[in-house]
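In what follows, a single structure is set out as structure tokens and then discussed.
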2 protein chains.
Amino acid sequence: MGDTGVNLAISTVIFALRPAPDGGAPTLWIPLVRRIRDPHLGLWALPGGPLLPEESLAEAAAHNLKSTTDVEPRYLEQLYAFGEPDRSPGDRVVSIVYWALVHSGEAEQLAEGENVRWFVADEVPRLAFDHNTIIEYALWRLRNKMEYSRIAHALLGETFTLTQLREVHEAVLGRPLDPANFRRQIESSGDVVATDQVVTGGRHRPPRLFRYIGSVDLGDTGPLSG
Amino acid sequence: MGDTGVNLAISTVIFALRPAPDGGAPTLWIPLVRRIRDPHLGLWALPGGPLLPEESLAEAAAHNLKSTTDVEPRYLEQLYAFGEPDRSPGDRVVSIVYWALVHSGEAEQLAEGENVRWFVADEVPRLAFDHNTIIEYALWRLRNKMEYSRIAHALLGETFTLTQLREVHEAVLGRPLDPANFRRQIESSGDVVATDQVVTGGRHRPPRLFRYIGSVDLGDTGPLSG
DNA sequence: ACAAAAGTGTTTTTCTTACACCCATGT
DNA sequence: ACATGGGTGTAAGAAAAACACTTTTGT
């Protein structure tokens, strides 16, 4: 038992918001790690690792995310199980892939080096295995989910202005949104509540800070614990 | 290599449309198989099996679906990977679960017996493992997907009347739909085209037959082959 | 005073829903 | 003729989009 000739691995696509390369508007970034063994030695790849016997799939994703890139996820959701027979040369690997959102703050903690580096989400180089496909799919899922759920929260701090929230949506969706209509949609959703604080310092009317209502859940638990 | 102490299995939730138990309107049914070994000997469970080294995940799902219940899927999509450490007593099993739609005709071919039986989708008994949770999630996904994709097709024959198509939607969603508005939505979607045939025999105006436009793809290939 | 972003109001358009009504067939 | 479901028309209501306008700050 236990040996079916198939290896099981867990990988994670991690998203964070950081300034664009030219210092401009916030953009989506992804950390990748360099392969230090064959196959695909030297190529960039998604962080990942094995599934330990005592941990759940989501725990495994959180662990290896922490150990390889040292960030804590604010949101974590299963993406897909990839298992084409030829996706890893000379070996049979089924990868259960998660995707995660981390805080802008966390994103800074990740020490870049020879073997870990941030990439703009839709400008990644050729990656090991089928990881380009996986990232494309994760991006599609993120953009989709952004339109009907409150995950944008996970990319921001505890409080935020509605302009910041809109910029997150714009960065993820890749298109500008009408500030007036966006404001109304968010306010009427009831997901968000105004604090009594404003942000001064900008050379214009100080924007109000908002916070999300309800529990700050770690992520989509999927079919479990409905 | 290959032995991580974790077993990998593939299971499938199969949906078909059949008359309600009282002979009434079409309803969703699911075939289940009886456990013939421990754990959970004697309980009903989802059909499933191991992943063979040469086959893809979807192929594995299609194979064991064919071998255990002898039906061919018209639609096949990955549902979720279930991997809680305690979901199988005394063993560590990760199940990659697919869901499938089969033709009403196919559904008849399945010979029921001591070890295979059809159940009304939302009236299944207590099942082995976490299979009740899995079926609930599959139902949720099916109902969701029905609202924005053309999967209803897979439960019908090549041609169909708009009333038949509406009845599929009603059976899956569990609520009545306005025939007039449903017709307009479908017709304006462009997914469907009228044939030059009508169905005679009913004691009323003969309804026109329609057919889906475009390729009758086997299913959602997921992230692959965008 | 002026620029710039925050925030409000109003109109237009588009999609959904409800429901009245006519059509074609078998009995 | 009439019952029955097929099929069309239309108007009310809700939601989304477009855009003009007012407010409050820093310089």
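Residue numbers start from 1 in every chain, and the chains themselves are labelled A, B, ... in the order their sequence lines are given, proteins ahead of strands.
The separation between A:Phe182 atom CZ and C:dA5 atom C1' is 16 Å, rounded to whole Å. Remark: P of C:dT8 and CZ of A:Arg208 are 10 Å apart, rounded to the nearest angstrom. Note: CD1 (B:Ile186) to C1' (C:dT16) measures 15 Å, nearest angstrom. To the nearest angstrom, C1' of C:dA6 lies 15 Å from CG of A:Leu165. Note: CD (B:Gln164) to C1' (D:dG7) measures 16 Å, nearest angstrom. Rounded to an integer number of Å, the gap from A:Arg183 CZ to C:dA5 P is 15 Å.
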At under 4.0 Å between heavy atoms, how does the protein contact nucleotides 15-24 of chain D? Give one character per nucleotide, 5' to 3', with B, S or -. --BBB---BB
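B:Arg34 contributes a side-chain N or O that, together with a main-chain N or O of B:Glu114, makes up a donor-acceptor pair within less than 3.5 Å. B:Gln164 places a side-chain N or O within 3.5 Å of a backbone atom of B:Thr161 that can act as its donor or acceptor partner.
Remark: A:Leu142 CG to A:Leu28 CG distance equals 6.0 Å, nearest 0.5 Å. Atoms OH and NE2, from A:Tyr212 and A:His153 in turn, are 7.0 Å apart once rounded to the nearest 0.5 Å.
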Please assess A:Glu170 against A:Arg143 for the test salt bridge (charged side-chain N to carboxylate O under 4.0 Å, His left out), listing each intermediate value before the final yes or no. CA-CA 10 Å; A:Glu170 289 176 337; A:Arg143 288 180 171 135; over 6 Å; no
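Nearer the 5' end of DNA chain D, as judged by each residue's closest nucleotide, is the contact made by B:Leu162, out of B:Leu162 and A:Arg203.
No more than 12 heavy atoms of other residues, nucleotides or ligands sit less than 6.0 Å from atom CD of A:Glu136.
Remark: nothing in residues 191-199 of chain B comes within less than 4.0 Å of DNA chain C through any heavy atom.
Distances shorter than 4.0 Å separate none of the side-chain N or O atoms of B:Thr163 from OP1 or OP2 on D:dG5.
Residues B:Asp196 and B:Arg208 are not paired through a salt bridge, judged by the lack of any N-O separation under 4.0 Å between the basic side chain and the carboxylate.
In summary, of the residues considered (A:Tyr98, A:Tyr137, A:Trp140), a ring pair (Phe, Tyr, Trp, His ring centres under 6.0 Å) with A:Tyr80 occurs for A:Tyr137 alone.
The minimum heavy-atom distance linking B:Leu46 with B:His131 is given by the pair N-ND1, 3.0 Å.
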